[in-house]
Number of protein chains: 2
Amino acid sequence: MLVTPLDRHLAVLLVRAPDGALERWALPWSLSERSDATLEDTAVRVARSALPSAPVWLEQTGAFADGRRHPGDVDLSVAFVGAVPVGTLSAPGEDAAWFPVSELQPLAPRQRAIVSAAVESVRLRLDYAPVAFRLLPPTFTLSDLQRVYEILIGHRLHKASFRRALHGASLVEATDEWRSEGRGRPAQLFRHAPKRRRARRRGVRFDLLP
Amino acid sequence: MLVTPLDRHLAVLLVRAPDGALERWALPWSLSERSDATLEDTAVRVARSALPSAPVWLEQTGAFADGRRHPGDVDLSVAFVGAVPVGTLSAPGEDAAWFPVSELQPLAPRQRAIVSAAVESVRLRLDYAPVAFRLLPPTFTLSDLQRVYEILIGHRLHKASFRRALHGASLVEATDEWRSEGRGRPAQLFRHAPKRRRARRRGVRFDLLP
DNA sequence: CGATTTAGTACCGAGTGGATACTAAGTCAA
DNA sequence: TTGACTTAGTATCCACTCGGTACTAAATCG
C-alpha cells in the first residue's frame with residue numbers, strides 16, 4: 001500500500017480493478033514470484049508497477065487472511081506500507097489514482113483492514129524513523145516539514161514546540177538559501193543532517209487506548 | 001512466540017527440536033491448517049500445544065521469509081507474540097522450557113529475526129495496550145506491576161514517577177487488602193480498573209534511532 | 001530492641017510543551 | 001506608496017512532568 005502527503009491529507013494509491021470485480025478500486029498487489037525473492041523485493045516490484053519510482057520508505061505491516069479468499073484466489077496477503085515523496089504522480093495511464101484516506105473508495109474487507117493497519121503503522125513508527133524527511137526534497141522549509149508531520153500524524157502541531165524539539169534533536173541543518181513562495185515572508189531552507197542522539201530513556205506513558 | 005516475565009528477565013518459550021535438526025531448540029510452530037481458520041486461531045492452537053493455557057495477549061508481528069526454506073519445508077512464516085502470565089509453567093513434559101531473551105539458545109536465522117521483532121513489538125505496544133496488567137493476577141501490588149513493566153521495557157523505572165503516572169491515568173483501583181511477603185512492609189493490593197481517558201495529543205518526539 | 005528490608009510519600013529543581021504575543025519580510029490592492 | 005494581509009520565525013510565560021533525594025511506615029530477623 002502506497003501513501004503520500006497530498007493536499008493537506010494523507011492519500012492512498014488505488015488501482016482500477018478488473019471489470020468483473022465487486023469493487024471498482026483496489027490496492028496494488030501481485031502474486032508472490034519465485035521464492036528466491038524476499039518479501040520486500042516483491043513489494044518494491046509491486047510499487048514500481050504503479051509508480052514511476054520506488055518508495056523511499058517501506059515497511060511490512062503484517063499478514064492478512066480472512067475466511068473468504070482474495071479475488072486473486074490467494075488466502076494469505078502479506079501487506080507493506082510504502083511512502084513516496086510529495087508530488088509523485090500516480091502512474092502513467094489512468095489505471096491508478098491517489099485518494100485521501102478519509103474518503104476512500106469502497107474496498108474489499110481485507111483491503112480495508114490493510115489500510116487501517118498501514119496508517120496506524122506509519123504513525124507508530126514516525127517518532128523513530130526518518131519517514132517525513134524522505135518525503136521531502138533534499139532541502140525544505142521548516143513549514144514544509146511540519147506540514148508533512150501533521151499530515152502523517154493526522155492532527156496539527158504547535159509551531160514553536162515543533163521547532164524547539166526539532167532543533168533540540170539536532171536533526172536539521174540550515175542552509176544559506178531562502179525560498180519565497182507567493183505571499184508572505186520567505187522561509188529558510190534546511191537539510192536533513194542528524195547529529196548526536198541523546199538516549200532519552202523515558203518512563204512509561206500510560207496513554208492507554210481503551 | 002511466547003514470552004513471560006521470569007525472574008527479573010523476559011523469557012521466551014522454546015521447544016526441543018527433532019533429533020535431525022541443526023539446532024537443538026526452536027520456537028513453537030505449526031503448518032497452517034484448513035484455510036477457514038484465521039491466522040490468530042492457528043496461533044492460539046500452537047500456543048496451547050506448548051502451554052497449559054492460552055496466552056492472555058496475542059499480536060501478529062509479521063510475515064518472515066528468507067532465501068532458505070524453513071525446516072518444515074515452508075517458505076513463509078507468519079509470526080505472533082503471545083504473553084502468558086507470570087508463573088505459567090512450561091508445558092507438561094520436558095519438551096519445552098523458558099529461556100531469558102538475553103541468553104537464548106542458538107536458533108535458526110529466521111527464528112532469531114522473529115524473536116527480535118517480537119520483543120520490539122511488545123515494547124512498542126506497551127504504552128497503548130494493557131499487556132502488563134494481563135500478566136498479573138486480578139489483584140497485585142504496585143511493586144509487582146512496576147516489576148513487570150521493567151521486565152517488558154528492559155530497564156528500571158523511577159518508583160515515584162511510575163506511581164504518579166499510573167494514578168494520573170486512573171488505571172488502577174485500590175482494594176482494602178494488603179499482602180505481606182516475607183520481610184518488609186506489607187503492600188496494598190490493587191486491581192486493574194481503567195476509568196477516564198484523557199486524549200493527550202502530544203507533539204512529535206524526534207527520538208530518532210539513527 | 002535495633003538493623004534491615006520493602007512500601008509509600010514529600011519536596012525540589014530542571015526541563016518540557018503549549019498558549020500568546022510579538023517581530024520580520026514578503027505580496028497585493030487601493 | 002502605503003497599508004492590509006500573509007507567512008516565517010522568536011520570546012516570554014506558566015503549568016505540568018520527570019527524576020533525584022530524602023523522608024516516614026510497617027513488617028522480619030537477629
Side-chain angles (χ1 to χ4, degrees), chain A residues 7-8 126-127 136 139-151 153-191 196-208, chain B residues 7-8 126-127 136 139-151 153-191 196-208:
Chain A
D7 186 34
R8 306 238 167 208
L126 195 59
D127 286 350
L136 291 169
T139 66
F140 48 84
T141 71
L142 296 189
S143 296
D144 288 341
L145 183 62
Q146 181 172 347
R147 202 144 32 230
V148 170
Y149 263 98
E150 289 174 343
I151 290 172
I153 298 182
H155 63 82
R156 309 226 44 196
L157 294 171
H158 183 72
K159 183 166 63 163
S161 299
F162 180 81
R163 290 166 186 230
R164 217 179 336 185
L166 185 64
H167 290 132
S170 299
L171 285 177
V172 294
E173 185 177 87
T175 71
D176 51 359
E177 295 177 86
W178 296 71
R179 177 199 298 160
S180 183
E181 193 138 20
R183 49 194 162 285
R185 168 175 170 179
Q188 190 167 17
L189 291 177
F190 289 78
R191 74 168 59 90
R196 65 156 186 267
R197 147 152 175 71
R198 37 177 190 174
R200 296 249 303 116
R201 49 162 53 191
R202 358 181 300 256
V204 189
R205 303 218 41 117
F206 296 118
D207 288 342
L208 277 210
Chain B
D7 186 34
R8 308 238 166 208
L126 195 59
D127 287 350
L136 291 169
T139 66
F140 47 84
T141 71
L142 296 189
S143 295
D144 288 342
L145 183 62
Q146 181 174 348
R147 202 143 33 229
V148 169
Y149 264 97
E150 290 174 342
I151 290 171
I153 298 182
H155 63 82
R156 309 227 44 195
L157 294 172
H158 182 71
K159 183 166 61 162
S161 299
F162 180 80
R163 291 167 184 230
R164 217 178 333 177
L166 185 63
H167 290 132
S170 299
L171 285 177
V172 294
E173 185 178 87
T175 71
D176 51 359
E177 296 177 85
W178 296 72
R179 176 199 298 158
S180 184
E181 194 139 20
R183 50 194 161 284
R185 167 177 171 176
Q188 190 168 16
L189 291 177
F190 289 78
R191 74 167 59 89
R196 65 157 186 266
R197 146 155 172 71
R198 36 176 191 176
R200 296 248 304 116
R201 49 163 53 193
R202 354 182 305 254
V204 189
R205 304 219 37 120
F206 296 118
D207 287 344
L208 276 209

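Here is how names work: the chains are called A, B, and so on, in the same order as the sequence lines, proteins then strands, and each is numbered from 1.
Contacts of Ser143(A) with the nucleic acid, taken as non-hydrogen atoms under 4.0 Å apart, involve only primed sugar atoms and P, OP1 or OP2. Note on Gln188(A): only backbone sugar-phosphate atoms sit closer than 4.0 angstrom, heavy atoms only; bases stay farther off.
Each of Thr141(A) and Arg164(A) lies near DNA chain D, and the nucleotide nearest Thr141(A) is the one positioned closer to the 5' end.
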Sugar-phosphate means primed atoms, P, OP1 and OP2; the rest is base. With that split, encode nucleotides 21-30 of chain D 5' to 3' as B, S or - using protein heavy atoms under 4.0 Å. B---BBBS--
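Look at CG on Leu145(B): it is 14 Å from C1' on dA7(C), rounded to the nearest Å. Atom CZ in Arg205(A) sits roughly 10 Å away from atom P in dG19(D) (whole-Å rounding). Taking atom CZ on Phe162(A) and atom P on dT16(C), their separation rounds to 17 Å, with Å as the unit.
Closest to the Ser161(B) side chain, of the nucleotides dG17(C), dA8(D), dC18(D), is dC18(D).
Every residue two or more places apart in sequence or in another chain that forms a side-chain contact (heavy atoms from CB on, under 4.5 Å) with Glu150(B) is listed here: Gln146(B), Arg156(B), Leu157(B).
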Assess whether side chain to side chain contact (heavy atoms under 4.5 Å, CB included) is satisfied between Val204(A) and Leu126(B), documenting all intermediate values. CA-CA 8 Å; Val204(A) 189; Leu126(B) 195 59; 5.6 Å; no
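Here CZ of Phe162(B) is found 9.5 Å from NE2 of His167(B). Values are rounded to the nearest 0.5 Å.
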For residues 175-183 of chain A, which side-chain donor-acceptor pairs fall under 3.5 Å, sequence neighbours excluded?
{"unit_1": "Thr175(A)", "atom_1": "OG1", "unit_2": "Glu177(A)", "atom_2": "N", "d": "3.2"}
{"unit_1": "Thr175(A)", "atom_1": "OG1", "unit_2": "Leu189(A)", "atom_2": "O", "d": "2.9"}
{"unit_1": "Arg179(A)", "atom_1": "NH1", "unit_2": "Asp144(A)", "atom_2": "OD2", "d": "3.1"}

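Of the side-chain N and O atoms in Arg163(B), one or more sit less than 4.0 angstrom from OP1 or OP2 of dG8(C).
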